[in-house]
There are 2 protein chains.
Amino acid sequence: MSHKWEPNLSVDCVIFGFDVDQLKVLLVERTLRTADKKKIVFSDLSLTGYHIYEDEDLDSAAARIVKDLTGLGNLVLEQFYTFGALDRLEHPNDKLWHEQFGDVFSNRVVTVGYFSLLPSTNVKIAQKGRVVKWYSVNEVLNMAFDHNQILEKALSHLRYKLQHDAIGLELLPDKFTLSQMQKLYEAVLGTSFDKRNFRKKVAQMNYVVPLKEKQKGVPHKPAQLYMFSRDIFIRTRKERPYFI
Amino acid sequence: MSHKWEPNLSVDCVIFGFDVDQLKVLLVERTLRTADKKKIVFSDLSLTGYHIYEDEDLDSAAARIVKDLTGLGNLVLEQFYTFGALDRLEHPNDKLWHEQFGDVFSNRVVTVGYFSLLPSTNVKIAQKGRVVKWYSVNEVLNMAFDHNQILEKALSHLRYKLQHDAIGLELLPDKFTLSQMQKLYEAVLGTSFDKRNFRKKVAQMNYVVPLKEKQKGVPHKPAQLYMFSRDIFIRTRKERPYFI
DNA sequence: ATAATTAGTGTAATAATTACAATAACTACC
DNA sequence: GGTAGTTATTGTAATTATTACACTAATTAT
């Protein structure tokens, strides 16, 4: 099946994962070689994006991109911002990159940013001939196009959602400990919390439910395991955040 | 000066105003007449939108649209969401409307939503042959295209910003009373607050500063006037909202 | 002078937040 | 089997924020 796509509209997905104590983002290597393929002109990293097809809406395009790459569906996937600066494809490397595709791209591409949360960084990445890897969000500089800017905006959106929705729990495995949860919150928000106070706060979240099960095979006191109940969360959340 | 515009990209602006105790939105009448202009085929309301030009970025397009309509620049103007459903222009009236323009429109138009806050509903509206009026946000049903959906999303974004930024104060006149401010919050959030508790909360906002001036010419006890200090707000706000 | 209208203020009870340190449960190693 | 190493778990007192609630003050219109 081949698709006709919109020349000046794309979707870029910022795919987040959480690994031990680091927030990660899934990136694709972009390597431009000379015509004879012998030498590398440059190599850098980019988000996972693609033009949208004429017969799909924005959410579907984002879901397709994530699915193609990770094989996973049914993930958190949320639009956060649209980027349309005139110079967003104007850096020298970006121009060289586009030249290899001839003239098929519009000189103006507006991209809609989505973020997606993966519950594990262990998923099999469907590579399709491109190198796709997890990077710590703190270590990526000089990405392709305006992708550093897009990542920054995705991060601030993620931080917001973490505090106002229960969205962070989508980044944890099905069964998790409160220490894992605390490390996630600390990694995303870039703070550290007092353990007791953190637990008091979590105790108020009735949708974080203790299981009758403990960690196994750890060389120290095993922790209580918890799960996230989407049901309870949806049923009990306040509709509007309060002002007073 | 004439501009070439992107065939499948537009910006729609949701322009909010506040009048006494009602949240208003600025809308344009859309009236389709028969070829001889004698009969009205249908008439409804739409947001203020336009295609973006090839040589302007998204923020500039939004600013241009608001400026053309109200003559005002330097307003709060913020992107909130992008709408790209496949059927967003597919209702019968919308098809009829587009037919009058021949085939110049793409059958797929993705629109970027912005909202803007006007400090007064008394601005002179530059009409350019179209009827533009303020409507209470509660009274608009059956708008053109997917504009009801866009308005809904703008509203929930506004509600969020009202509570996490000081953005609501952009809807008040330069000098305002605490009762006016309370009415604004009540109108936007759809709640009512206790007067004393509301004032206690406002007292914590050091960027809402009392003036050495009172209301004049009112047939009752004149209220203290306040102003919003953008300076103090920016200088003293916490960088990140807190989790704990 | 009086009525009408809106402005402005305090308090006590409850709930949330903060800062802070000792004990418990497990494994690894000797 | 005992000890060291490691992470998990729990409480309290002080401070601050939130809630519910009702009377007095200042002005204009009549």
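Just so you know, these numbers come straight off a predicted model, no measurement behind them. Order of the sequence lines sets the chain letters (A, B, ...), proteins ahead of strands, with each chain counted from 1.
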Protein-nucleotide distance ([X], atom [atom1]; [N], atom [atom2]), rounded to Å:
X: B:N197; N: C:dA15; atom1: CG; atom2: P; answer: 15 Å
X: B:F198; N: D:dT19; atom1: CZ; atom2: P; answer: 14 Å
X: B:K200; N: C:dA7; atom1: NZ; atom2: C1'; answer: 17 Å
X: B:Q215; N: C:dT5; atom1: CD; atom2: C1'; answer: 12 Å
X: A:Q180; N: D:dT7; atom1: CD; atom2: P; answer: 13 Å
X: A:K216; N: C:dT27; atom1: NZ; atom2: P; answer: 12 Å
X: A:R196; N: C:dA21; atom1: CZ; atom2: P; answer: 8 Å
X: A:K195; N: C:dA21; atom1: NZ; atom2: C1'; answer: 11 Å

### Task
Determine the interplanar angle of the B:Y160 and A:Y160 rings, folded into 0 to 90°, and report it as parallel if under 30°, tilted if 30 to 60°, perpendicular if over 60°.
tilted

### Side chain of A:K221 - closest among C:dT5, D:dT18, C:dA24
C:dA24

### Query
Does A:D44 pair with A:R30 as a salt bridge, N-O distance under 4.0 Å?
yes

### Query
Where the side chain of A:S156 meets the backbone of A:K153, is there a donor-acceptor pair that is under 3.5 Å apart?
yes

### Query
Are A:D68 and A:Y50 close enough that a side-chain donor and a side-chain acceptor fall under 3.5 Å?
no

With a 4.0 Å limit, can you tell me whether [X] has a side-chain N or O closer than that to the phosphate oxygens OP1/OP2 of [N]?
X: A:R199; N: D:dT9; answer: yes
X: B:Q182; N: C:dT6; answer: no
X: B:K201; N: D:dA17; answer: no
X: A:S179; N: D:dT7; answer: no

### Toward the 5' end of DNA chain C, by each residue's nearest nucleotide, B:H220 or B:D194
B:H220

### Message
Please name the nucleotide paired to D:dT27 by Watson-Crick or G-U wobble geometry with both distances under 3.5 Å, or report none.
### Response
C:dA4

### Task
Let me see the working for A:E213 and A:K175 under salt bridge (charged side-chain N to carboxylate O under 4.0 Å, His left out), right down to the final yes or no.
CA-CA 9 Å; A:E213 201 178 338; A:K175 300 172 180 182; 2.9 Å; yes

